[in-house]
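First the structure, in the form of structure tokens, and then the observations on it.
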Amino acid sequence: MLLEIRTAARELLGPCQETSPDQLIELIEDRIVARTDALAAWEEIELSRKRAERAVDEEGQIRLELNGALASVGVGSDAGDSLDTVMAVAELFLERQFKVDAERTEALKTVGTRQEDLAARRRAVEVAERREDEWQAGIVEALKGTWLESGISVPGMGGVLDQLAELAKSLQARDAMQLRIEKMMDDRDNFLVEVSAVAAEAGEAADDEPEQLAIRLAQRLERAERMREAKASLVNDLQRLQDQREILDAEISAHERRKNEVLSVFGVATLAEVVQRDELLRDRDRLRTAVAELEEQVSSELAVEGFEQARSILDAVDLDSLAIEKAEAEQRLRASDEAIQHQLIRQSRATDKLDAIGGDSAVARLDAERRTVLLEIEEKAVRYIELKLGIMSAGNALRVYRERHRSGMMERASDAFALMTRGQYSGLTTQPLKGGEVLIALQLDGQSKVADALSKGARFQLYLALRLAGYCEFAQFRPSVPFIADDIMETFDHFRSEEVFRLFGEMASAGQVIYLTHHQHLCEIAKTVVPGVAIHNLG
């Protein structure tokens, strides 16, 4: 079978080494398709060749026709010129011919227009000549029986007519001027009568000339007009000010009623006291809200029903052991963080190794290791979360403990600071700022200043008030230790030093107070304020 196919398709296959019948049949089909494409291409080539020959014949025929047409109009061309050259020469001739035809048509139109203008002008000349003859006949007829009938020529009649027209205008101007003069004289007489009457009515002496009298009356009239305008302006201003006064009186009455209502509500006598009461009420509401939020937060974090249970739990907590436990939890948390980071690094490396290996038995082993690592990460993450929550609970408990104990300390410090400043400052307060708190001093006029904005002496008094309040808080719950101060009243005046020694005397009831100084006047103040003080002179 294969041999028969090779024999039948010898011319088509040529030298071929294919031994499989399928491959041989496929090769034959490819050769048949290629032969069909080649035959189609050859037919297209033959068709294109015939079209090119036909186009060459048509080009020669067109060139001969163009040469004949150009020769008929006197334009010569060489027999060897190409069709493009002959067509370019023909297009130039046609373009020039079109221009010549357009110019000829335009010239014909211009000639027709000029002939029409010439005919119209001839008709106008005939009409003008006819009118001139009629005008001359009318002039001769009009001059019959006058002294100009034989004494003036027709061409000089224009000048005479012009002079007569000017004479008529002059006569009219003279009559108009005479009429104006008469009217002006009448107006002058009437003006004199009216000026005299007005002067008599206004009480002006009529001894002067009428012109001077009129000037004085005009000046008086101008002054009267100005005075009337000024009076009208003043009346308007007065009415406007009265309206504004009524409005202001109404506003003052409303403000007074509102002021009395506010003073009666707050039970004070001045608005400054109202402002202080309002600030105190706002602080009270804000503190109540903060206390309620803190109590709710503490109750929720300690998982109890009410704040009293949370307070009993916190009172039973040992603060030192809780701080130690917090430090240990933070250390364990840091260790857990490091372990998680190491585990993440191991997981990343294991993932890279897993991606780099093929599909052998090592995949199962790496998958088992990955699962083990994931379980370890999960276990340590749970432990991390537990430690984190424990630290947060401990931190919140410490914060609540500090808030509860700080309120008494802040009250003592506020009273001590107000006493040291001799009433210049009413007390102290705090304001949250960026995760912490800032200490603020309150003045009697309602203003406030942060600790850094105080003067040097006021800052020293503030720090001393905080130390005194901290010592009293410490001595209230623990065995007291000596309170030692080294010449801290260097910037204090006499009265403030007395108040500080009075506070030292009160502190001496809870512990020992030792004050070191080299100023003798402070010793005298201490003896006066604290009678039982013991003064030791150090050599």
Side-chain angles (χ1 to χ4, degrees), residues 34 36-173 176:
T36 302
D37 295 339
L39 290 175
W42 178 257
E43 290 177 357
E44 292 179 359
I45 292 172
E46 287 295 328
L47 182 60
S48 300
R49 184 175 58 76
K50 291 179 181 179
R51 289 178 180 174
E53 292 175 355
R54 191 181 303 112
V56 170
D57 295 339
E58 291 178 356
E59 178 183 2
Q61 183 67 26
I62 293 171
R63 186 169 62 251
L64 291 175
E65 292 177 357
L66 284 175
N67 288 330
L70 292 174
S72 63
V73 296
V75 178
S77 61
D78 297 334
D81 291 342
S82 62
L83 179 61
D84 295 337
T85 304
V86 176
M87 290 181 67
V89 173
E91 289 177 355
L92 289 175
F93 174 75
L94 291 174
E95 183 179 356
R96 186 170 64 254
Q97 191 64 32
F98 288 152
K99 291 182 179 179
V100 171
D101 293 341
E103 292 175 356
R104 183 174 179 275
T105 303
E106 187 67 26
L108 291 175
K109 290 181 180 180
T110 304
V111 170
T113 304
R114 298 294 170 84
Q115 288 178 353
E116 293 176 357
D117 292 341
L118 179 60
R121 290 182 180 182
R122 285 176 178 176
R123 290 192 297 271
V125 169
E126 292 175 358
V127 172
E129 289 176 352
R130 187 169 60 252
R131 289 180 178 178
E132 183 181 2
D133 294 338
E134 293 176 355
W135 181 75
Q136 289 179 357
I139 291 297
V140 171
E141 183 67 25
L143 293 178
K144 285 181 179 182
T146 65
W147 60 277
L148 295 174
E149 178 179 4
S150 59
I152 187 169
S153 61
V154 174
M157 186 57 65
V160 174
L161 294 176
D162 293 337
Q163 292 178 2
L164 291 176
E166 291 293 333
L167 179 59
K169 291 181 180 178
S170 298
L171 291 175
Q172 291 178 358

Quiz item: For the side-chain contact (heavy atoms from CB on, under 4.5 Å) test, which of Arg51, Glu44, Glu43 pairs with Leu47?
Solution: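 It is Arg51, the one option of Arg51, Glu44, Glu43 that forms the side-chain contact (heavy atoms from CB on, under 4.5 Å) with Leu47.
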Result block: side-chain N/O donor-acceptor pairs under 3.5 angstrom for residues 103-129, not counting sequence neighbours:
{"unit_1": "Thr105", "atom_1": "OG1", "unit_2": "Asp101", "atom_2": "O", "d": "2.8"}
{"unit_1": "Thr110", "atom_1": "OG1", "unit_2": "Glu106", "atom_2": "O", "d": "2.9"}
{"unit_1": "Thr113", "atom_1": "OG1", "unit_2": "Lys109", "atom_2": "O", "d": "3.0"}

Practice problem: Assess whether salt bridge (Lys or Arg N to Asp or Glu O under 4.0 Å) is satisfied between Arg49 and Glu46, documenting all intermediate values. | Solution: CA-CA 5 Å; Arg49 184 175 58 76; Glu46 287 295 328; 2.4 Å; yes
